[in-house]
Each structure stands twice: as structure tokens, then as C-alpha cells.
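Take a look at the structure set out below.
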Amino acid sequence: MKKYLVLLAQAHETFREAELQALASLYDIDLDLSSYSKNNPFLVVSLEDDEQAKNLVSRAILVRSVFELWSEGKDLAELHENTKRDSKDKWELYKYCSFRFMVTSFQGSRPKQDQRELIESFSYLDFQGPIRMKDPDQVFCVLEDYDLINGSKESVLKHMCFGRWIADSDRHAIDTYDLKRRDYIGTTSFEAELALVTCNIAKITHGDLVYDPFAGTGSFLIAAAHYGGHVFGADIDGRQLRGIGKKSNIDSNFIQYNLTSKYIDVFSSDFTHPPFRSTVQFNAIVCDPPYGVREGLKVLGEENQQRIESSISKLDKDGKPLYLKSTYIPPKKNYDFPSLFDDILDFASVHLVPGGRLCCWVPVSNSEVSSDIFPQHPALHLISVCVQEFNKWSRVLTIYERRASVESTQSTRQSMRVGHFRNQYFSGFKDD
Amino acid sequence: MKLLTLNFVQCATRDCAGRQDAFPLAPQNVQLAAQETDLDPDFMANILAKIDWPGLETSLNQLGRPLTFTKEQVEQDQNLLKELHSILIETTIQEGELVCPRCSHIYHVKDGIASFLLPPHLV
């Protein structure tokens, strides 16, 4: 085993661990994250070889790069001391290849002249190969972490690392799939970064069959397809699926990103009445269900018995029932989020392959966020929850995995234990 | 709607949900279209295990394009896998109706998108 330095992105810190663990499990990597710290951009891990390091980070979103770790130190003197002590056996390997150096700093920086001096202080490595700024054989990197001094813009050096660059992450995909440049979006389109993270955590990979039952404008379908998933989407609102004309719809988004071959279908359906036959199983289910804030949560149905009866008997001029015509618009009734979440777990317990993951976003008021409020299902294992905190409420990514076998001792079922999110939202999350 | 999807869905009404005889939905008055896409062998291997083969045979008979090979033959022959890809992934129902073999409820396909929404007396 060798030591590698994972350079983490300083964004969505609570999601980074879940993403790395999911990718490690996807590539069968035995990953020890015991040194992981939420506030540290550096993560040191032990891995077999460069190939494994590449696998671990090359599709990660909340990672920047991975390096073969040569040495660490609290300041430059200690870094040099440790480089000379621990990495001497590696110097010979890179003696004649082309190379360049780079310096990466956090919460602090050095002027250009200092950077140059810093790089030159490594001259004892005695690399004889040509320096190439473009496409060198190897890149060596000095990484520095600074601490901000309270109440000022000044910062002090805390820690340094030195290593050989191995691979960059998939972070540039955030820009590729930026909603600002996407042909078709809507008011509920999900931002690219967390949609991609969701699909990584769902362990979506080549050849997978993926379903989003609340597809909307297809944000998760695009992210899942980026990682090789073949996607199905459904939505109760057919207008969102159809988009606006031939040039701006879910289909055109797949064309824009050259992912058409990953796109299977979208259809309108209500989540409480999914049309899949019971033996169809997906490798992953990813979704951001409606929270019921914007327009209330609706499902198919009609509370009023009289209206149900009258809708059966209404005929068109040819004597055909109106409800069988393509222009018929069925009535909808109000529904509540905890019931919908129960339905999602029931669906996942039948329609996920064993080991397959359900990644479902849930709104929770900040006063209620804790891991024991989320629903449980005997066939599903709640792996973890990742919290994106806003001012008064949070968007929580819940991650469930379908159990290979259901043991009778685990047959507890529990619904979500929360107040009514829509009421809380409109009362400004004040205590009842 | 691709023929793969036709093989994955059944009638969603309260009385038909979960019942095997509410599958496959029978295509009626349909317009088919062909749309070329890349063959993904990993994906085809994945869905080969998920296809309801008798259901696929029934659907293709109803569409007047009977299958000329068996599931076992596909597993042995790359060319047949390509043919199956062209049937399941490249053939779409653009317009038409899908009728439940059990309760005769009619679902509509418009612009290639099916609707499985239901009237209140069937939910």
C-alpha cells in the first residue's frame, strides 16, 4: 500500500465523505477514511497503486485531484527534511522525464517571486529532464494549507504537502452541465453539481438502468446518463416532460450533451400509481420529489364521490367516455410528503436490484434535522444522510440501499417523523 | 415510447396493478418510428435478463413484426443482439393507443410520450 493525497473541493463538505465511500465501493477499493476531517482540504489515504487512485477520483465531483504523497510538514524546513528522509527512492524514477512544478494554497498565498523560490528550493531532487509547462510527463505539486487569523485577512501557514500528480477529478463536469447554458430548464431544475454528486453516491455506472420518478425537466436523468446510466423518467406533469417545442425539451438536452444513446423514455404517471410490472428492477433510483411548497403536493384522485360518478358517465358526441380520450385531464387531490416518502420506499423495495441504491432529496426544517426522523423499511438500509443547509430549512439527501435478503428481525417500518413542511415553510419555521 | 418501455409497463389501475394478466398493453392505431442509436453491449446484457420474453413476442405479433429468434439464440449471437437492440431501443411508438388486455382501459401516446395518468374511478 502507498500513501496518496486526495485534494478535496471546499464545497458541500457534508457530501464529500459519502461520495468517496460510494466511489470506493463501486471500484472495490478498501478505503479507510478515519483521517477525514470536514475542515481539511487534504485527505491522506492508503491505496494499492496509481490505477486505484485514478479510479477513486476520476469521476468524483467534490474532489479536485489526487497525488502520490511524498512528504508532509508543518513548514518548509520540515517538508524538505521529510522529503529527503522519506522519498529518496522515488527521485531516480523521474530523473530524466519532462516535468513541471505547481503550488496550490488554501486560505493564503505567496507572491509569484516567493513561489519561484519555493520551487527552486527543491533543486536537491536533481531532476535532469526538461521543464515543460505544457503536457509534461510528470507534475510535482507543493500544497499549502493556511489558517486565517481571526478578524483579519492575514493568514498563517499550517501544513504543507509535497507529491506527484496522478489525476484530476470530474469537477469540470459542473461547468459542462451548468444550467445557465442548458437548452431546456424549468423552475425546479436541479443544479448540476449536486445532481452529479447524487448520481455518484447512487453508484450509477455503465450499462445501468436508472429511474427518476419525479423527472421534471430531466436534471437527474442527464447526470445519470453522464455516468453511463440508461435512464427512465416519469412525472405527473406531462407538460414539463414535453417541454416547449421541438428545440427545447428533455430530448434536446440529451442531444446537446451527446447522450442520446443513454436516453430510454419519459412518460407521465403519478407516483402512487406507477405502471412498471413488478419484476422490473432498476440499478438505481434518484429523485428530488415535489416538496409541496410551490403548488401543494398532488396525486391522482378525487375526494368528491359525486364528481367521480359524473366523470364516469360523461360521453363525447360519438358516445365514447371522455376519460378514455387523449385530451382528458384527470383530477388531482392533495397528498402529504411523509406518505409520499413511504410510497417511494415501498417502490424501491420492489424495484431496486439487491445492493441498488435509492438517493432521494427531502426538505426538513432545521429544527428537525436528525438522522432518526427518516423513514425505515425492512428491505432497505439507510446508509447515510447528507445535509445541505439553507437559512431556516435544509435539503437532505437520504441514501438507502436495497438489502440482499430481508431478515424478519428487521421488519420494523417507520414513517417520516416530521411536522408539515409546507405549513412550517409559510409560517417562517416558527415553533408551533 | 420505445418497445423496451412497452415491455416494462403494465396497466396501472387499482384493480390491475400487480396482476400479470394486465400485461402486455396492446398497441392499437400506432405510428412507429426508427431512431438510430449506439449499441451498448453492457446495457443489452443487463436488460436481456429483465425482458419478459413471452410478453415481447406477444407485442411484436400485435405490431405485425413477429420475432424470428429466441432468447437463447440472442445470448449466443452478437448479430442477433444488434437486431434486438434495433427492436427494443431504436423502435419507438410515436402516436397511438395502448389497451389493457385485462380491463380494456386505454392509455395514449402523443409525440412519443405515453401517459399513464388515470381517471378518479380507477385509482
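In the text below, chain A, chain B and the rest are named by the order of the sequence lines, each starting its count at 1.
Atom OH in Tyr328(A) sits 13.5 Å away from atom CD1 in Ile106(B) (nearest 0.5 Å). Separation of atoms CG (Asp111(B)) and CG (Asp251(A)) is listed at 10.5 Å; rounding is to 0.5 Å. Going from atom OG of Ser261(A) over to atom CD of Glu90(B) covers 10.5 Å, rounded to the nearest 0.5 Å. In this structure, Asp237(A) CG and Leu117(B) CG are separated by 9.5 Å, a value rounded to the nearest 0.5 Å. Here the straight-line distance linking atom CG of Asp265(A) with atom OG1 of Thr92(B) works out to 8.5 Å at 0.5 Å rounding. Lys262(A) NZ to Asp40(B) CG: the interatomic distance, rounded to the nearest 0.5 Å, is 4.5 Å.
By the 6.0 Å contact criterion, CD on Glu36(B) is open, its count of non-hydrogen atoms from other residues, nucleotides or ligands being 12 or less. Residue-environment remark: CD (Gln20(B)) stays at or below the threshold of 12 foreign heavy atoms within 6.0 Å. The environment of NZ in Lys82(B) is sparse: at most 12 heavy-atom neighbours from other residues, nucleotides or ligands sit within 6.0 Å. In this structure, Arg65(B) places its CZ atom where only 12 or fewer heavy-atom neighbours from other residues, nucleotides or ligands lie under 6.0 Å away. Heavy atoms of other residues, nucleotides or ligands lying less than 6.0 angstrom from NZ of Lys325(A) number 12 at most. Environment of CD in Gln73(B): crowded, with over 12 heavy atoms of neighbouring residues, nucleotides or ligands closer than 6.0 Å.
The heavy-atom pair separating Pro120(B) from Gly301(A) by the smallest distance is CB-C, 4.4 Å. Heavy atoms only, all atoms of each residue included: Tyr263(A) and Lys2(B) are closest at O-NZ, 3.2 Å. What you find for Phe267(A) and Ala114(B) is that their closest heavy atoms are CB-O, 3.2 Å. The nearest pair of heavy atoms linking Leu241(A) to Ile113(B) is O-CD1, 4.0 Å.
Classification of the Phe43(B)-His230(A) ring pair by plane angle, with boundaries at 30° and 60°, yields parallel.
Heavy-atom pairs under 4.5 Å with chain A peak, among Asp38(B), Thr13(B), Val9(B), at Val9(B). The most heavy-atom pairs under 4.5 Å with chain B, out of Pro330(A), Ser268(A), Pro274(A), Ser269(A), come from Ser268(A). Counting heavy-atom pairs under 4.5 Å between each of Val109(B), Ile47(B), Asp52(B), Leu88(B) and chain A puts Asp52(B) at the top. Heavy-atom pairs under 4.5 Å with chain B peak, among Leu322(A), Val299(A), Ile312(A), at Ile312(A). Here Arg242(A) is the residue among His206(A), Lys332(A), Arg242(A) with the most heavy-atom pairs under 4.5 Å with chain B. Taking chain B as the reference chain and counting heavy-atom pairs below 4.5 Å, the highest number among Leu324(A), Thr272(A), Ile308(A) is found for Leu324(A). Taking chain B as the reference chain and counting heavy-atom pairs below 4.5 Å, the highest number among His273(A), Glu309(A), Glu302(A), Arg307(A) is found for His273(A).
Only the side chain of Leu4(B) comes within less than 4.5 Å of a heavy atom of chain A; its backbone N, CA, C and O stay farther away. In this structure, the portions of Ser326(A) lying under 4.5 Å from any heavy atom of chain B include both its backbone and its side chain. For chain B, no part of Ile329(A) is nearby; none of its heavy atoms comes within less than 4.5 Å. Looking at Ala17(B), neither its backbone nor its side chain comes within 4.5 Å of chain A, counting heavy atoms on both sides. With a threshold of 4.5 angstrom between heavy atoms, Leu118(B) approaches chain A through its backbone and through its side chain. Only the side chain of Val280(A) comes within contact range of chain B, judged by heavy atoms closer than 4.5 Å.
Using modelled atom types, one side-chain atom of Arg277(A) and one backbone atom of Asn7(B) make a donor-acceptor pair closer than 3.5 Å. Using a distance-only test at 3.5 Å, with no hydrogens or angles considered, no donor-acceptor pair links the side chain of Lys50(B) to the main chain of Phe282(A).
In this structure, the side chains of Leu209(A) and Phe8(B) come closer than 4.5 Å at one or more pairs of heavy atoms. Residues His108(B) and Thr327(A) are not in side-chain contact: their nearest non-hydrogen atoms beyond the backbone lie 4.5 Å or more apart.
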Ile264(A) vs Thr5(B), side chain to side chain contact (heavy atoms under 4.5 Å, CB included): CA-CA, chis, key distance, verdict: CA-CA 8 Å; Ile264(A) 304 295; Thr5(B) 309; 3.8 Å; yes
Checking side chain to side chain contact (heavy atoms under 4.5 Å, CB included) for the pair Asn46(B)/Asn283(A): CA distance, chi angles, key distance, verdict? CA-CA 10 Å; Asn46(B) 187 358; Asn283(A) 300 92; 3.0 Å; yes
